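Quantities reported herein were computed from a predicted structural model and do not represent experimental measurements. Below, read A as the first sequence line, B as the second, and so on, with proteins coming before strands; counting in each chain starts at 1. Values below: all heavy atoms of this structure, side chains included; hydrogens, waters and symmetry mates excluded.
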Amino acid sequence: MPPPLLRDPATVLPSLGAPAPHPHLLRALHAHLLVSARLASPSHLAAFAASLASASHLAYARLVLPRRPATLLAHNALLRALARGPRPGLSFAAFRHLPLPPDHYSLTFLVRAAATLAASAAAGRPVPGQVNARLLAVSAHGAAVRRGHAADPHVQSGVVSMYAALGDVADARAAFAEIACPDVVCVTAMVGALAAGGDVDAARELFDGMPLRDHVAWNAMIAGYVHVGRSREALRLFDQMQRAGAAIGEATLVSVLTACAQIGALDRGKWVHWYMRSRGMRMSVTLGTALVDMYSKCGAVVTAMEVFESMGERNVYTWTSAVSGLAMNGMGLECLELFKRMESAGIQPNGVTFVAVLRGCSMAGLVDEGQACFDSMKGKHGVDPWLEHYGCMVDLYGRAGRLDDAINFINDMPVEPHEGVWGALLNASRIHNNVELGKHALDKLLAIESQNDAAHVLLSNIYAESQNWKGVSRVRGVMKAKGVKKVPGWSAIEVDGKVHEFFVGGRSHPRHKEIEMMLAEMGRRLRLQGYAANTKEVLFDIEEEEKEGAISLHSEKLALAFGLIALPEGVEIRIVKNLRVCKDCHDYTKLISKVFNREIIMRDRNRFHHFKDGTCSCKDYW
DNA sequence: ATAGGGTTAG
């Protein structure tokens, strides 16, 4: 009786991500295959070759394969295993040494290998073997053309997404244009390529023109909207997808959850969670991670942690989401604790994880702990600090008022400081009203990036907070002269599952009349409490919103007024803003929470503010 | 007897 492993060639195939079979097992397997004469069967040989190729047993595969009559089946199995393995670049070596002419299967595997390498390179991950992803992509495409398989639909769709993974929309377009009669898969690949390149409108046009859309096509389009931050459109498309009766699967829900996270659509996010449970969907790592992210970005950090704890399998993304969620919600100590748990669990943190922990420490004023984390990066975890991490450290010292430490840290940096480092110093100067240091940081910042909008706005706010109105108008003049563009700010609020978006000074909401009346009422009641706008027409929103005269209002005030009208008493008001909240709006919201006796949860670009009884969870430290 | 497009953290 052979071991169960040998009954079917398929069972010998390595599953993705599985550890490499132990050499002893491979030798035993080899012996069995030889003795039972199964190695003469091409399918068994193919399965065995794939098993050998699954990791570091490539040499063994090279030893076994040439001793048998060459079959493309076995060699394709090798290519397939290599393309899906940890070092896809090895497919190219195997391809070059093929003893037979490759077929359309071989080319499909080669293209997939190139696409995987391209994706790694685009993500900034080191490519094993130090290969040039673009060179390999072009050579894979070229091989397909030379071998006469460039017209195979499987190869074509792969080539389109391969160029998309490289970030080369023009080449993806060119490859797509060559397809005489693109099928639904090829068109979907192109929709994804256009969306990844940022041109979602072109993607949408292509999508709308599709004679037939399957669920993957819908997913590609929804993900495209999410990718460029047009989450409301993503959610609208998801509604249409359901009405169209397309199959809703994991990939769809992950994109929908990402959209909910972006705009703080907690009710919709909860609905997805409910939907998963009602359909008995498995909580995969990806789906669970998306849920943790959604709940924490919607301010429901307790639920986020419940989901996190309930997950059977967690990877570095899951842990990082949770660490980042705690940081964002101002729970610096808990964030640090979870990070330590991650270390004990043997999950290797990466650069993104460290950005999250350092930000958590920074927001909670945990200077020594943050310093210890930073010091452990390289030695203990083998993670080389990025410029972002240096920026986090300057932020950590600077926020805590240790401006000298921040400056010394910058002077001791082994690399040239980038705009983020100077930006952090500039922000620290603002918090601690150090105009001189702020000017210095700004000079450095503008020398690197003269069009930096946030820098100008920050300097203006430093002047404003120290009542230097001349300085403020000078900065504004400079901005106008240079044509520095400001990102428009928005605030979103969800009411009955519908997300309402407000822009600065906006009047386009259907209930704008009521909002105006509510704003007047809010102002009247605040004045009774002694509130006076601490800055008249001069204070910018911390980043880019501009206040133009007394009638213009920051978007969060509009959203807040609408929340007071549309949400019943006792229900907390949740607002999500794309920029940082300014001091005036922060003071205003604190008082509103007291005067109207409402809990207000506001997420800005960096963190959450939980307002209650006239105080904020950030302790005015942001 | 092997194959293509869509999904997670800053």
Side-chain angles (χ1 to χ4, degrees), chain A residues 8-10 13 41-47 49-50 71-81 83-84 103-112 115 123-124 149 152-162 164-165 176 182-193 195-196 213-224 226-227 246-247 249-258 261 284-294 296-297 314-325 327-328 349-359 386 388-389 391-392 420 606:
Chain A
D8 176 355
L13 281 171
S41 128
S43 56
H44 277 93
L45 182 65
T71 65
L72 207 46
L73 187 67
H75 284 273
N76 280 346
L78 186 71
L79 284 175
R80 166 180 176 270
R84 295 183 177 186
D103 63 3
H104 47 298
Y105 286 95
S106 328
L107 267 309
T108 305
F109 295 134
L110 193 71
V111 167
R112 172 196 255 263
H149 299 299
D152 180 87
H154 291 84
V155 174
Q156 286 170 322
S157 55
V159 166
V160 170
S161 65
M162 174 184 77
F176 183 71
D183 64 9
V184 61
V185 179
C186 290
V187 180
T188 303
M190 195 60 220
V191 167
R213 290 174 210 105
D214 63 7
H215 69 282
V216 183
W218 284 97
N219 292 348
M221 197 59 238
I222 291 173
V226 176
H227 178 75
E250 177 171 327
T252 312
L253 296 183
V254 169
S255 290
V256 171
L257 284 171
T258 308
S284 68
V285 188
T286 315
L287 211 35
T289 303
L291 273 175
V292 169
D293 186 53
M294 181 278 295
S296 41
K297 284 189 178 151
R314 310 178 187 117
N315 61 18
V316 62
Y317 286 80
T318 321
W319 284 92
T320 305
S321 287
V323 167
S324 171
M328 232 185 311
N350 60 26
V352 181
T353 319
F354 278 105
V355 170
V357 201
L358 291 176
R359 292 181 56 147
W386 307 334
E388 279 99 322
H389 298 115
C392 287
N606 287 333

With heavy atoms under 4.0 Å as the rule, sort T289(A) into base, sugar-phosphate or nothing.
-> base
Residues forming a ring pair (Phe, Tyr, Trp, His ring centres under 6.0 Å) with H389(A), sequence neighbours excluded = W386(A)
Partner residues of D293(A) under the side chain to side chain donor-acceptor pair (under 3.5 Å) criterion, sequence neighbours left out | K297(A)
Only counting residues at least two apart or in another chain, list the ones meeting side chain to side chain donor-acceptor pair (under 3.5 Å) with T289(A).
-> T318(A)
V187(A) near the nucleic acid: base, sugar-phosphate alone, or nothing, with a heavy-atom cut-off under 4.0 Å?
-> nothing
So the contacted stretch of DNA chain B, first to last nucleotide with an atom under 4.0 Å from a non-hydrogen atom of chain A, runs from dA1(B) to dG10(B)
Contacts of R314(A) meeting salt bridge (charged side-chain N to carboxylate O under 4.0 Å, His left out) (sequence neighbours excluded), chain-then-number -> E309(A)
Under the side chain to side chain donor-acceptor pair (under 3.5 Å) test, residues paired with E388(A) that sit two or more places apart = none
